[in-house]
Amino acid sequence: MRIATWNVNSIRARQERLFSWLLAQQPDVVCLQEIKVSKESFPFAELRELGYHAVVCGQKTYNGVAILTRTEPADTECGINDGVEDLQARLIAATVEGIRVISAYVPNGAKMGTNKYAYKLEWMRRLKAYLQHGHTRSDPLVLCGDLNVAPEERDVANPGAWEGSVLFNPEVWALLCEILDQGLIDTFRLHHSESGHYSWWDYRLLAFPRNDGLRIDHIFATPPLAERCISAFIDRDQRQGPKPSDHAPVMADFNWP
DNA sequence: ATGGTTGCTTAGCAA
């Protein structure tokens with residue numbers, strides 16, 4: 001079972017690239033973020049022709065998340081549903097082949113000290129509470145998505161420049177640790193310990209050619225799945241060529257079922 | 001300190 005996550009930065013702008021990538025990589029499950037369309041505008045029919053079901057938590061212009069699956073998904077849940085009024089579509093969950101799959105788009109946070117950063121911290125606390133309810137670390141679950149946090153120094157090309165930013169600071173590390181303490185393991189780090197692997201590069205200032213990136217997109221798995229994770233990688237090639245997203249897809253392969 | 005780029009929408013926001 002191949003599980004992927006990709007912040008596509010608009011599914012409309014990325015449709016051609018997404019479709020050819022699906023054919024090339026043949027993922028069984030794809031968590032998408034920043035689709036930037038409402039459900040009405042989502043390309044359900046075209047994806048069905050490629051063999052994918054889709055569950056969508058859409059939003060016009062900003063945000064929006066989805067999960068594509070080869071087999072029929074069950075128990076779809078759109079949003080955190082904790083009673084907080086939240087107009088931003090940033091989380092969707094569904095069960096696929098016995099795995100609870102979550103596609104999450106953690107708020108970026110803009111700049112330290114802003115309302116957007118406060119919203120990011122609050123959203124991460126709500127995500128932690130969401131994970132605490134309804135399942136345990138012995139349940140097969142993956143938390144996939146753009147977490148907008150680089151966990152460690154080795155996940156940042158230039159740690160000095162990013163230290164203290166919204167993507168890389170002690171406050172978001174602590175919250176990420178609390179989220180991972182719900183029984184989640186970084187599948188990428190099961191297979192790669194070295195620095196130099198990133199999933200996002202700014203569109204500006206030639207960040208990609210300089211490989212000035214950060215690893216902020218993740219596939220976190222509970223032990224039943226992590227034990228069966230046979231490989232993990234970042235599809236860096238998707239950041240190249242015409243009209244790339246600013247994020248590359250991240251993938252993990254599992255011996256499942 | 002600011003700006004650099006892309007996407008959505010059409011001047012300005014978000015990343």
Side-chain angles (χ1 to χ4, degrees), chain A residues 5-21 30-43 46 56-66 79 85-92 103-124 127 144-151 155-169 171-172 175-176 198-218 234-250:
Chain A
T5 184
W6 194 2
N7 179 326
V8 289
N9 185 19
S10 165
I11 197 168
R12 282 198 196 119
R14 226 62 63 204
Q15 184 156 313
E16 202 178 327
R17 184 181 276 269
L18 172 65
F19 288 5
S20 53
W21 175 80
V30 185
C31 294
L32 299 173
Q33 300 86 39
E34 279 205 272
I35 59 172
K36 295 187 173 180
V37 290
S38 61
K39 202 170 172 179
E40 296 74 52
S41 308
F42 190 86
E46 295 88 335
V56 176
C57 190
Q59 183 182 334
K60 191 175 173 251
T61 312
Y62 300 120
N63 310 312
V65 287
E85 189 172 343
D86 190 343
L87 299 175
Q88 302 191 24
R90 294 183 173 276
L91 185 141
I92 189 166
S103 176
Y105 177 39
V106 171
N108 171 285
K111 289 187 78 166
M112 300 295 284
T114 61
N115 288 340
K116 285 182 186 140
Y117 182 64
Y119 172 66
K120 174 182 197 166
L121 299 181
E122 189 53 34
W123 202 93
M124 291 182 78
L127 176 59
C144 305
D146 178 359
L147 278 287
N148 265 318
V149 178
D155 299 312
V156 183
N158 189 349
W162 286 92
E163 178 93 54
S165 76
V166 293
L167 303 179
F168 192 62
N169 72 69
E171 214 165 14
V172 294
L175 279 167
L176 182 63
Y198 313 119
S199 66
W200 172 81
W201 301 259
D202 200 297
Y203 280 127
R204 298 165 290 188
L205 300 171
L206 300 172
F208 183 70
R210 291 164 42 230
N211 199 26
D212 183 8
L214 289 84
R215 196 175 68 92
I216 58 174
D217 300 86
H218 304 287
I234 299 172
D235 192 357
R236 198 176 186 285
D237 291 348
Q238 285 302 324
R239 186 60 175 77
Q240 279 170 320
K243 278 180 80 75
S245 169
D246 46 352
H247 297 254
V250 178

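Convention: sequence-line order gives letters A, B, ...; per-chain numbering from 1. Values below: all heavy atoms of this structure, side chains included; hydrogens, waters and symmetry mates excluded.
- Comparing the P positions of B:dA1 and B:dT5 gives an interatomic distance of 22 Å, to the nearest angstrom.
- Judged purely by distance below 3.5 Å, without hydrogens or angles, the side chains of A:Asn211 and A:Trp201 pair a donor atom with an acceptor atom.
- Both A:Asp202 and A:Glu34 lie close to DNA chain B; mapped to their nearest nucleotides by heavy-atom distance, the more 5′-ward contact belongs to A:Asp202.
- If you check B:dG7, B:dA15, B:dT9 against the side chain of A:Asn63, the one that comes closest is B:dA15.
- Between A:Thr61 and the phosphate of B:dT9, there is a side-chain N or O to OP1/OP2 separation shorter than 4.0 Å.
- When distances run from any side-chain atom of A:Arg12 to the nucleotides B:dG7, B:dC8, B:dA15, the shortest one goes to B:dC8.
- The side chain of A:Lys36 contributes no N or O atom lying less than 4.0 Å from OP1 or OP2 of B:dA15.
- Separating the C1' atom of B:dG7 from that of B:dT2 is a span of 22 Å, rounded to the nearest Å.
- A:Gln59 places its CD atom 11 Å from the C1' atom of B:dA14, with the value rounded to the nearest Å.
- The 5' end of DNA chain B is approached more closely, in terms of each residue's nearest nucleotide, by A:Lys243 than by the other of A:Lys243 and A:Asp146.
- The side chain of A:Arg204 lies closest to B:dA15, out of B:dG12, B:dG3, B:dA15.
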Run the numbers on A:Tyr203 and A:Asn9 for side-chain contact (heavy atoms from CB on, under 4.5 Å), then give the verdict.
CA-CA 12 Å; A:Tyr203 280 127; A:Asn9 185 19; 3.1 Å; yes
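- Regarding A:Gln15, its CD atom lies at a distance of 12 Å from the P atom of B:dC8, rounded to whole Å.
- Within 4.0 Å (heavy atoms only), A:Arg210 reaches no atom of the nucleic acid at all.
- For the 3.5 Å distance criterion, the side chains of A:Asp146 and A:Trp200 fail to qualify, holding no donor opposite an acceptor.
- Residue A:Tyr203 has its side chain nearest to B:dT6 when only B:dT9, B:dA14, B:dT6 are considered.
- Residue-level contact check: A:Phe208 touches neither bases nor backbone, having no heavy atom under 4.0 Å from any strand.
- Exactly one of A:Leu147, A:Val149, A:Asn148 qualifies for a side chain to side chain contact (heavy atoms under 4.5 Å, CB included) with A:Met124. That residue is A:Val149.
- Taking atom CZ of A:Arg17 as the reference point, atom P of B:dT6 lies 13 Å away to the nearest angstrom.
- Atoms CG (A:Leu214) and P (B:dA15) sit 16 Å apart, rounded to a whole Å.
- Which of B:dG3, B:dA15, B:dT9 sits closest to the side chain of A:Leu205 comes down to B:dG3.
- Rounded to an integer number of Å, the gap from CD of A:Gln33 to P of B:dA15 is 14 Å.
- Taking atom C1' in both B:dA14 and B:dT9, one finds a spacing of 13 Å when rounded to whole Å.
- Between A:Tyr117 and A:Val172, some side-chain heavy-atom pair lies under the 4.5 Å cut-off.
- Remark: P of B:dA15 and CH2 of A:Trp123 are 13 Å apart, rounded to the nearest angstrom.
- To the nearest 0.5 Å, atom CD1 of residue A:Ile234 and atom NE2 of residue A:His218 are 9.0 Å apart.
- Atom CG of A:Asn7 and atom P of B:dA14 are 16 Å apart (whole Å).
- Rounded to whole Å, atom C1' of B:dA15 lies 7 Å from atom CG of A:Asp246.
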